[in-house]
2 protein chains.
Amino acid sequence: MNRPYSNALKCLQDVSLRPTRQRLAIAKLLFDEEDRHVTAETLHQEVNELGAKVSLATIYNTLNQFTEAGLLKEVIVDSNRTYFDTNIGDHHHIYFKEEEALKDISSEELVISALPEVPEGKKISGVSVVVHMEDD
Amino acid sequence: MNRPYSNALKCLQDVSLRPTRQRLAIAKLLFDEEDRHVTAETLHQEVNELGAKVSLATIYNTLNQFTEAGLLKEVIVDSNRTYFDTNIGDHHHIYFKEEEALKDISSEELVISALPEVPEGKKISGVSVVVHMEDD
DNA sequence: ATAGCTGCAAATGCTTTGCAAGGCC
DNA sequence: GGCCTTGCAAAGCATTTGCAGCTAT
């Protein structure tokens, strides 16, 4: 999912979130570039390095609001922290253990050719594939 | 990975962990049946329902020791809790959101037909696939 | 004006740890 | 006996929440 001409303000308006100073700073960092993977902590650091002064609680709240609004996707790769991905399209991930870093895998690079049967009354809400890489 | 004739005592001896009352109770619950998925909490409840009285701290420590010893595998499906799987072979999972339950998918039911390139100096330490199911 | 946001500090929930007492070889 | 284990309570982390004050519309 690309948002090549999007800007922070438009993102917020699209999902009816007030464009506050804090949310604008966060949205700018997240959506001006593509395929970003952040945790609350890494984003907090980035924001504050720009001098934007946003509290960690607000970072958490904003990441959750953005996720609920469909601007972000949560990625579960590590039980100790929550990653968020600005790429909300269908794709998978490589997780680099030592670097604690995530990288996207396009749907062409990794293909799932069969899925299990879906039980009555259920539906598949997502398929998460994580290739774990570590130093050789 | 099947351990059809295994018993709790043998498991512990195999990995050189002293067969204490607590570890035996836990191993019995985990390895007498196949393909069990537990969290520290669910296991704690089960153990205590049998009247075995094992502290939660010991459950945590034991699960970690078993995992380190290769008797269990950690499954990352939910950022709020850690699941452990007695099936240590290559396979994948279905996670049922409402039930907070895990189910194995055999390698035949879900096939990955292409993997991304492995960078220099790295290796794939595991591929985790979780199909998330929820009520329709 | 007022509903919505933010920040702080406190609370939460899962997991780990320090240490004294007890158990296994 | 001596080392390993256990249990408790306390500590640790990541994350959430209550609430008083501030802000966007």
Side-chain angles (χ1 to χ4, degrees), chain A residues 8-29 37-48 50-69 71-72 74-84 95 100 102, chain B residues 8-29 37-48 50-69 71-72 74-84 95 100 102:
Chain A
L9 181 59
K10 183 150 192 329
C11 282
L12 294 176
Q13 290 173 337
D14 281 353
V15 299
S16 311
L17 286 171
R18 283 190 186 173
T20 63
R21 176 180 64 78
Q22 292 85 336
R23 293 212 268 238
L24 281 168
I26 294 173
K28 209 163 169 25
L29 275 171
H37 303 98
V38 301
T39 65
E41 280 296 350
T42 63
L43 185 57
H44 187 222
Q45 227 176 297
E46 276 190 69
V47 167
N48 288 345
L50 293 181
K53 293 266 195 320
V54 181
S55 79
L56 189 52
T58 297
I59 300 274
Y60 274 106
N61 291 331
T62 305
L63 284 172
N64 288 333
Q65 287 159 176
F66 283 10
T67 303
E68 233 169 293
L71 295 175
L72 293 176
E74 196 182 328
V75 187
I76 300 171
V77 279
D78 175 335
S79 33
N80 301 310
R81 81 196 101 255
T82 305
Y83 282 84
F84 295 89
Y95 182 65
E100 295 186 346
L102 270 179
Chain B
L9 181 59
K10 183 151 191 327
C11 281
L12 294 177
Q13 291 173 336
D14 282 354
V15 299
S16 311
L17 286 172
R18 283 191 188 173
T20 63
R21 175 180 64 75
Q22 292 85 337
R23 292 211 270 239
L24 280 167
I26 293 173
K28 209 162 169 25
L29 275 171
H37 302 100
V38 301
T39 65
E41 281 295 351
T42 64
L43 185 57
H44 187 223
Q45 228 176 297
E46 276 190 67
V47 166
N48 288 346
L50 293 181
K53 294 262 193 323
V54 180
S55 79
L56 189 54
T58 297
I59 301 275
Y60 274 106
N61 291 332
T62 305
L63 283 172
N64 288 333
Q65 286 159 178
F66 284 10
T67 303
E68 232 168 296
L71 296 174
L72 293 175
E74 196 183 329
V75 187
I76 299 169
V77 279
D78 174 335
S79 32
N80 301 311
R81 78 198 102 254
T82 306
Y83 283 84
F84 295 89
Y95 183 65
E100 294 186 347
L102 270 180

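Computation of the quantities below employed the complete heavy-atom set of this structure, encompassing side-chain atoms and omitting hydrogens, waters and symmetry-equivalent molecules. Letters A, B, ... mirror the listed sequences (proteins, then strands); counts begin at 1.
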Closest of D:dG7, C:dG7, D:dT5 to the A:Gln22 side chain is C:dG7
Value for CG (A:Leu24) from CG (A:Leu12), rounded to nearest 0.5 Å, stands at 5.5 Å
Checking D:dT5, C:dC5, D:dT6 against the side chain of A:Arg23 (C-beta onward), the nearest is C:dC5
Closest non-hydrogen atoms of A:Gln65 and A:Leu17, given as atom of the first, atom of the second and distance, are CB-CD1, 4.2 Å
To the nearest angstrom, the CG-P distance between B:Leu12 and D:dC4 comes to 17 Å
By side chain to side chain donor-acceptor pair (under 3.5 Å), A:Gln13 pairs with (sequence neighbours left out) none
Hits for side chain to side chain donor-acceptor pair (under 3.5 Å) against B:Gln22, two or more places apart or cross-chain, chain-then-number order -> none
Heavy-atom nearest pair, B:Thr39 first then B:Leu63, reads C-CD1, 4.4 Å
inquiry  = Could you tell me if the side chain of B:Phe84 sits less than 4.5 Å from the side chain of B:Val75, heavy atoms only?
reply    = no
Given the options B:Asn61, B:Leu72, B:Val15, B:Phe66 meets side-chain contact (heavy atoms from CB on, under 4.5 Å) only with B:Leu72
Letter by letter from the 5' end, nucleotides 8-20 of chain C scores (B base, S sugar-phosphate only, - none; protein heavy atoms under 4.0 Å) B-----SBBB---
Sort me out a list of protein N/O and nucleotides 22-25 of chain C N/O pairs below 3.5 Å, or just none if empty.
{"from": "C:dG23", "atom 1": "N2", "to": "B:Arg18", "atom 2": "NH1", "distance (Å)": "3.1"}

Taken to the nearest whole Å, CG/A:Leu24 to C1'/D:dT25 is 15 Å
Separation between CD1 (B:Ile76) and OH (B:Tyr83), nearest 0.5 Å, reads 13.0 Å
Between NE2 of A:His44 and P of D:dC13 the distance, given in whole Å, is 17 Å
Contacts of B:His44 meeting ring pair (Phe, Tyr, Trp, His ring centres under 6.0 Å) (sequence neighbours excluded), chain-then-number -> none
Between its two end axes (five pairs each) the helix from C:dA1-D:dT25 to C:dC25-D:dG1 turns, nearest 10 degrees, through 30°
Atom NZ of A:Lys53 and atom C1' of D:dC22 are separated, to the nearest Å, by 18 Å
For B:Val54, does its backbone N or O pair with a side-chain atom of B:Thr58 as donor and acceptor, under 3.5 Å? no
From CG of B:Leu17 across to P of D:dT5 the rounded distance in Å is 7 Å
A:Leu63 atom CG is separated from D:dT17 atom P, nearest whole Å, by 15 Å
- Message: Any non-hydrogen side-chain atom of B:Leu50 less than 4.5 Å from a side-chain atom of B:Leu29?
- Response: yes
